[in-house]
Amino acid sequence: MKHNEYVKLLKFFDGILWENKTTETGWNYVGLTLDYYFNNSVFNIDYLDIEDYFSSNGDYEYQEEELLKDQFENINEKRRLILIQNILNIFKRSSYDKDVSNLVMSKSIKFLERNNIKINNPSNGVLQLFEDNIIGAGSYCVIKKISDGVLKKELRTRYSKNEKLKKRMKYEYENMYKLRDCPQILNVYSYMEKEHSYLMEEADMNIYEYLNDEVDISFEEKIKIVYDLLNGMKYAHDNSIIHRDLHLGNILKLDKDFLICDFGLSKDESIERSLKSSATEKNNHIFLDPLAIGDFTKLDKKSDIYSVGKIIDYVFTFNSKRSKHIFTFIVEKCTSRNKDNRYNTIDEILNDVEFKLKERDNKFNKKVILEKIKNGILDVSVNEYIFSLVKSNLICDYLVNNNLNSFGKIIIQFNQIDQIKILQAIKQEFVKSTGYGGFHNYDIFADITYFVCLNTDESNVFSVAHSILEVCARYRYSANDLLEEIDKNNL
């Protein structure tokens with residue numbers, strides 16, 4: 001049982017037992033009332049007093065004027081269960097306040113069972129507790145505790161003749177062992193062929209549990225999760241390993257670090273294996289690339305990138321009233337339904353994370369951004385700069401001053417809502433920005449909106465772009481030709 005869970009149980013006992021007491025001479029004090037239960041139990045016959053009982057059963061020094069937590073919080077793991085066993089047996093065998101005793105027994109047993117403690121509780125006789133070394137289980141394997149800090153992942157006995165699952169266990173180990181030099185990947189070692197198992201590090205918890213347990217996680221801690229996740233996945237991808245099963249349960253907290261684990265569905269792209277992917281793997285959760293639902297073989301590096309984006313979003317929006325955060329653009333690019341619009345590599349995500357953290361004061365390298373826009377590159381710096389122009393009603397002037405008639409290639413990379421925001425901003429100001437006598441500038445906006453109309457499937461986006469193109473067509477024959485072509489294709 002984990003130390004924090006053990007302390008929870010001691011606090012529960014203290015909450016029941018810590019009361020005002022009175023000595024035989026009338027002196028009032030506060031202390032543990034466990035002796036009341038002990039004095040009304042069969043143990044009172046066999047032992048001199050409650051102190052003798054605890055001393056004889058585990059060599060504990062019991063003090064009634066000190067909380068159980070304060071007395072026994074730091075005893076070693078092997079002695080914890082004996083102490084709990086002693087306390088519960090007093091409640092079980094006592095006739096004092098049976099309602100409280102029954103409540104304590106019922107809640108404690110359920111709590112212990114949740115913490116993988118085996119309980120032998122005969123109707124007559126003492127209760128006994130045993131550490132169950134199985135601390136977790138999956139569909140085809142179990143996780144056993146070997147010692148402090150060491151776990152063993154083992155194929156379930158009933159699958160010992162299942163060649164596919166035996167290969168999967170070995171394949172998972174090989175892929176994780178290949179990544180053993182990465183500090184953001186859980187360490188594994190000592191594969192055992194006979195029982196189809198391997199040893200691995202023991203972590204504190206997964207990040208789903210961590211996010212649920214902690215009341216407030218600092219911004220710096222969230223950034224640590226993001227960097228550990230990205231650096232771990234960068235190392236995996238750089239070594240040709242795709243995970244294909246990234247979610248909150250497969251990222252573990254170990255002390256102050258966050259480690260990626262469970263490569264049971266991973267694939268090594270650098271080698272050809274006899275173990276083939278199935279098109280019907282059961283892996284439906286919110287972190288799975290929707291383009292691969294129903295066909296697991298479609299999962300690739302960009303599917304891992306989708307999962308990375310969903311995890312980052314969860315970390316920054318969990319328990320928050322706001323859906324937007326510092327990495328919203330990065331998340332949207334990671335999770336685009338169009339794979340071509342997603343990041344190509346984890347390095348690209350890391351670069352944008354670095355940019356967001358360094359450029360929070362909205363200082364931009366305008367020359368670099370202009371070159372990116374001309375080349376049709378939408379990254380976090382371009383995204384931030386464009387929306388600063390939109391908010392300042394300067395987007396149209398910028399397009400004209402830099403003759404950016406290819407800006408449509410940037411627009412269609414945004415999500416639908418942001419595409420409409422940008423096009424609405426253009427619609428509002430573009431006539432002014434053409435300038436006195438500058439009718440040729442209408443060609444810039446005609447080219448932009450023509451490209452958008454030609455490359456969008458969203459009716460709302462098409463409608464705004466089309467309305468801009470209609471205005472351009474009033475002044476420019478070339479724009480009218482583009483409008484006629486669009487209208488002809490949409491008959």
Side-chain angles (χ1 to χ4, degrees), residues 182-185 207-208 210-211 214-238 243 246-248 251-260 287 301-302 304-336 341-373 375 377-392 410 413-415 417-418 421:
C182 178
Q184 290 84 30
I185 304 289
I207 62 168
Y208 176 80
Y210 178 58
L211 293 171
E214 292 296 317
V215 176
D216 184 34
I217 298 177
S218 68
F219 179 80
E220 290 73 23
E221 186 84 352
K222 292 177 181 179
I223 294 298
K224 171 68 171 168
I225 295 173
V226 170
Y227 269 123
D228 283 357
L229 169 63
L230 291 174
N231 286 323
M233 288 309 302
K234 169 180 164 53
Y235 192 89
H237 283 187
D238 286 350
H243 193 287
L246 272 177
H247 55 78
L248 299 175
I251 304 170
L252 305 179
K253 184 177 188 298
L254 179 55
D255 195 16
K256 295 182 180 180
D257 296 319
F258 299 91
L259 315 178
I260 302 170
F287 302 95
K301 286 183 178 179
K302 286 202 172 186
D304 277 354
I305 285 172
Y306 178 94
S307 301
V308 164
K310 296 295 284 187
I311 292 168
I312 292 173
D313 196 45
Y314 192 97
V315 168
F316 278 88
T317 59
F318 180 75
N319 275 344
S320 172
K321 295 179 181 178
R322 296 165 53 186
S323 59
K324 298 284 187 179
H325 52 82
I326 186 173
F327 297 135
T328 294
F329 170 81
I330 293 173
V331 168
E332 290 175 349
K333 188 166 182 178
C334 285
T335 59
S336 172
N341 291 341
R342 293 179 192 171
Y343 291 100
N344 292 304
T345 65
I346 299 294
D347 273 321
E348 292 178 3
I349 305 176
L350 281 164
N351 288 339
D352 278 359
V353 168
E354 287 285 344
F355 174 85
K356 286 298 296 181
L357 295 177
K358 291 179 179 178
E359 301 292 330
R360 295 171 76 183
D361 58 353
N362 289 326
K363 292 180 180 178
F364 302 101
N365 186 328
K366 294 180 181 179
K367 289 184 179 179
V368 172
I369 288 173
L370 179 59
E371 284 304 308
K372 288 180 179 179
I373 291 174
N375 290 304
I377 298 171
L378 176 63
D379 64 8
V380 70
S381 61
V382 173
N383 172 80
E384 294 290 321
Y385 189 64
I386 287 173
F387 272 100
S388 73
L389 295 172
V390 168
K391 291 176 183 177
S392 304
I410 294 291
Q413 295 181 57
F414 284 90
N415 63 49
I417 294 174
D418 288 342
K421 286 181 181 178

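Please read all numbers here as calculations on a predicted model, not as lab measurements.
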Contact check, side chains of L357 and I326, non-hydrogen atoms, under 4.5 Å: yes
Measuring from T335:OG1 to K302:NZ, what's the distance to the nearest 0.5 Å? 13.0 Å
pair I346-I305: side-chain heavy atoms closer than 4.5 Å: yes
Heavy-atom check, side chain of H247 versus side chain of Y208, under 4.5 Å: no
Is any side-chain heavy atom of E221 less than 4.5 Å from a side-chain heavy atom of Y210? yes
What's the spacing between K234 NZ and Y227 OH if we round to 0.5 Å? 13.0 Å
Show the nearest heavy-atom pair for residues S381 and I369, with the distance to one decimal. O-CD1, 3.9 Å
Could you tell me whether E332 and K324 have a side-chain N and a carboxylate O separated by less than 4.0 Å? yes
State, yes or no, whether a side-chain contact exists between V308 and L229 at a heavy-atom distance under 4.5 Å. yes
ring-ring contact (aromatic ring centres under 6.0 Å, His included) against F318, all qualifying residues, sequence neighbours excluded: Y314
When you measure from the side chain of K333 to the backbone of L378, do you find a donor-acceptor pair of N or O atoms at a distance under 3.5 Å? yes
Can you confirm whether I311 sits close enough to I207 that some side-chain heavy atom of one is under 4.5 Å from a side-chain heavy atom of the other? yes
Please work out which of the three classes, parallel, tilted or perpendicular, describes the rings of F219 and F316, given edges at 30° and 60°. perpendicular
Tightest non-hydrogen contact, residues D418 and N415, listed as N-OD1, 2.9 Å
In Å and rounded to the nearest 0.5 Å, what is the CD1 to CG distance from I225 to L211? 5.5 Å
Interatomic distance, T328 atom OG1 to N383 atom CG [nearest 0.5 angstrom]: 9.5 Å
For I377 and V382 the tightest heavy-atom approach is O-CG2, 3.5 Å
Considering non-hydrogen atoms only, spot the tightest contact between I410 and K372 and give its length. CD1-O, 4.5 Å
Show the numbers, then the answer: is there a side chain to side chain contact (heavy atoms under 4.5 Å, CB included) between Y343 and D379? CA-CA 9 Å; Y343 291 100; D379 64 8; 5.8 Å; no
dist E214:CD -> K253:NZ (nearest 0.5 Å) comes out at 7.5 Å
Residues K356 and D352 bridged, charged N to O under 4.0 Å: no
Hey, would you say the F329 and F355 ring centroids sit under 6.0 Å apart? no
Donor-acceptor contact below 3.5 Å, side chain E348 vs main chain N344: yes
Within the 4.5 Å heavy-atom criterion, are M233 and I349 side-chain neighbours or not? no
Between NE2 of H243 and CD1 of I260, what distance do you get to the nearest 0.5 Å? 6.5 Å
Under 3.5 Å: donor-acceptor pair, side chain of T317, backbone of S323: no
In terms of heavy-atom contacts, does OH of Y235 have more than 12 from other residues, nucleotides or ligands at under 6.0 Å? yes
Could you pull out the closest heavy-atom pair between L230 and V353, with the gap in Å? CD1-CG2, 4.0 Å
Here the pair of heavy atoms bringing K256 nearest to K224 is O-CE, 3.2 Å
Quick one: does any side-chain atom of K310 pair with a main-chain N or O of I312 as donor and acceptor, under 3.5 Å? no
